Amino acid sequence: MSDKKKRKVAYVIALVCLVVGIVCYAALPDRSQQEPVRVYYESTGENVLFDHQSHSRDFQLGCLDCHHEIAQKENGSHASCVSCHTAESSLVPALGEGGLFDHETHSQYYGLSCTDCHHMYDPESGTSPQNCNACHMETGDDYMPGLADSYHQQCIGCHQDFGVGPTMENCNDCHGPRKRADAFHDQCTGCHEAAKQGPVRDDCMGCHAY
Amino acid sequence: MPDRKKLTVSYAPFWHDGSSISTKQYHIIAATMLAVIAGLLRYGAPALGVLSLSVGSAMVWEYLMNLATRRPVSIADGNAALIGLLFGMLLPAVTPWWVVIVGTLVAVVIGKQIYGGIGGNPFNPVAVAYAILMISWPIYLDFNAALVNYSFDFPAAYPLVLMNAYGAGGIEAFSLTDFLMGRQTGGIGATFGLGLIVGGIYLMARGFIRWEIAVSFLAGIFVSALCFNLYDPEAFASPGVHLLTGFSLIGAFFLATEDSSSPVNFIPMLIYGALGGVLTVLIRNQGAHVDGVIYAILIINLINPIIDKIRPKATGRVMYHA
Amino acid sequence: MIKRSFFGITAPRLTYEPIEEAFGEPMAVKPAKRITLLMDAPLGKAGGILIKPGEAVLEGQRLQLLENDPGNYAVSPVAGKIFSVEPFIGMMEKPMTAVVIDVEKSGERSRDTSFKEAAKSTGIKEAVGFFGGLPGRPDFKIFSDSGKPVKTIAVVGTESDLMGVTAQYVIGSNIASVKSGIDAIRKITGIHNILLFVHEQMAQVAGASGAGIKTVDMQYPAGSRDMIRMALKSEPARDGEIAFFTAEAAASIGAAIQTGELPLDKLVTVVKKDGTRQIVKAPVGTHVSDILEAVRQGVESMDKVILGGPMTGYAIYSLDQPITQDTDIIMVQDSSAIPEINDTPCTNCGACVRACPVDIPVNILVRYLDAGEYEQAAEEADLFACIECGLCAYVCESRIPILQFIALAKHTVQRLKAAEEENA
């Protein structure tokens, strides 16, 4: 087959592919349906893929078990995940190696729903995840530990229970130069110091207090 | 008496084994067909749309670049079509049309043509395009997000995401046969393991791809995944799972073996492939990314020129001293 | 043309053709009108040209071209009259001289007797001055060159290229002459370490030659001189230079000694368009057209006629070109069988690297050559290790004429070096 003929065949193939592609895109509407098979919740925690099918088939849930708003013609939202999924303590990678976030306490005692933190990101309203300091104030009380205490508790809690590693008595175990806290601080204050703007290292309350 | 007959003259050799660039490209395209057809059967018309648009637009970009650079039109060699096809095979079945077209633009223009066309590219064009899209519009390449409206008779979450979040326990619902038979979500042409393996073996046996690279790539995945698995069987999935999920197979047989960006000597080919496999598992098990194949291939492309210097000394040197 | 095998996992296996048992007598071809003798020297303007048009020559007469260069001569295989003496440009712009001789038609054999007399009166050592013009081109120059002393003589009974059976025919049909040729070479040079290289199936016959027998694989290019040289050099305790003779050269010397008359006919394997073979016996210098006519192989426009084999031969532009002392094969290729060419760049597929018998990084080499960086190619990519077997271009899927590139680069580098030395 000569080069010219080969090229003609290639043109035809390219054209056919384009036409088929355009027809497929144009003729078929988006597959989004009234009742999606699955719903994908993007979140700053871990993304959540909610599967309608497995909920109805494997757990014999009816639509109305969650979607109260349909029955009551209300504009409210449906029941939150936490009504069934009582989250137990689980690993939160953002809190460092072995960093445990006590999901159980937060959901069961304080009635927070998953989406309070694992919120759906909405670029228009620009919501951001619940910050720790929205609840934990500078000083705590009997019901709500202070911000520093609750943050310390993530690491120091276990260490004190088992009597190993850094303790409350020796701040420098964590907070010394080139220790974990240092690196953690650098994430923010590093730039702030370079730009000579906003809170810097010695201004603890610039970040840690409201 | 001068001879009036005009004879053809040329330099030796006067025989050729008949191989050509286009033959090779067409055979590779043919070898993908099992996996492609399985993907089309699973996902239907949207997948056909993605693949057709991908192949067609890749050829158009190639043609436009040929015109722009004033070089002979090279779309008949099948390389642009192959790039488009492989790129389409990595995409989820539901992908916005403009993502496909931008992807092939990146693959053909930035991945290949700016280096002077076929044979000049230091990186695999398909991997370059996929990596750039993965960074620019991750949500469109997220298989969980893209395929929400498909209902499957198997767990619908992308196995690698499950592995990443829950360790080996996350994929307990799957068996290796599921992965092999394409009963998993993923790219259009990347899920049907058996089809990819058959296609790959065909290409290796015919010599269209270098078996050393594909085999060592898979061996690299197997061995490193096995080490992780032995270290902590709960956190890290078994090597078989790593081999059959994500882009492992399509990467080993179709991406890592791309001619221009891979080494040609025996030992470098083994190093190149094995390193790709190891990096894949490292990125999957230790890195932030879900799948490591694309980045692993780009990294081994990067080191290819250096490792390909490991080569036997030319034996003829004993004769002459130039 | 041998196509790529279905399974491409191994390198291509091109094998030499074993000769059929009963090949029969070679077809004798007589030149029709003229013959052309090509001499390896430029036709200097400085005078002293000993051959002049119009002179009569005898069969077997030694024709020395230049007065002060006794090394450049031919032996006229026919009786006749010199028609012309012209400059001729060979491969790679090599300046040569073509001596055209009108063949005597009367059929009377007027033989030159100077060799017979020389051999009788002064012994064979003095007769060496005639051997350089014989079929197979016996070459004794290496012995007189002051360099490393020659310690080994290799008589090559393997084919020079694929498709040929000439050397095997010489060994199979005329081992007696080969033996007496080897004896003579031993006597002339005083070197006793003479090895005869043959393909496996000829080993038994070759045993009668009295030389040490070495067998060579049938896979191309194991039979080439460079591969044999490399095999020999890799043997421990083998120092010194190696001198090469073809089996046909040895047989020619043998025949000359036995009969007292110089043999003048060259054996040539003619490969027709359909791939069939015919062994032809024709005087050195016979035009290709005469030989093709004799074997009834028509040649159309755009066909290719090749002196030498499919891998290393060279295509001629006119059927009036002659066969030379070392033309073992004439191959005719139909225009439809000529491989398509292409101008795509190297895709780095590595087929050439796997095919190369001497482990040259051809993929790197071809990039240097493409850019015209010939000296770089010689330093970094083993340009001069190439034995020019043609396998890389044979398997190249971009169809790059790699061998031509290499030949051109070697030629250019050597010319530059020569110019440098001249100016130094």
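Values in this document were obtained by computation on a predicted structure and should not be read as measured data. Just so we're on the same page: letters track the sequence lines, and every chain starts at 1.
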**OP:** State, to 0.1 Å, how close A/Y25 and B/L53 come at their nearest heavy-atom pair, and which atoms those are.
**Re:**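 Of all heavy-atom pairs spanning A/Y25 and B/L53, the closest is CE1-CD2, 3.6 Å.
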Original post:
If you look at every heavy atom in A/C17 and B/V55, which pair is closest and at what distance?
Top reply: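 Taking every non-hydrogen atom into account, SG-CG1, 3.7 Å.
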Original post:
Is a side-chain donor or acceptor of A/R38 paired with a backbone partner of B/A145 at a separation under 3.5 angstrom?
Top reply: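 No, because the side chain of A/R38 does not come within donor-acceptor range (under 3.5 Å) of the backbone of B/A145.
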Subject >> Any residue of residues 63-77 of chain B which, by heavy atoms, sits under 4.5 Å from chain A >> reply: B/Y63, B/V73, B/I75, B/A76
Measuring heavy-atom distances to chain A, does [X] have an atom under 4.5 Å in its side chain, in its backbone, in both, or in neither?
{"X": "B/P155", "answer": "neither"}
{"X": "B/L147", "answer": "both"}
{"X": "B/V100", "answer": "side chain"}

Subject >> Residue, of B/S57, B/S22, B/A45, that accumulates the most heavy atom pairs under 4.5 Å with chain A >> reply: B/A45
Original post:
Looking at B/A156, B/G84, B/S54, B/G78, which has the largest count of heavy-atom pairs under 4.5 Å with chain A?
Top reply: B/A156
**OP:** May I ask you to check whether over 12 heavy atoms, not counting those of B/Y140, lie within 6.0 Å of atom OH?
**Re:**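 No, OH of B/Y140 has 12 or fewer neighbouring heavy atoms, counting only those of other groups under 6.0 Å.
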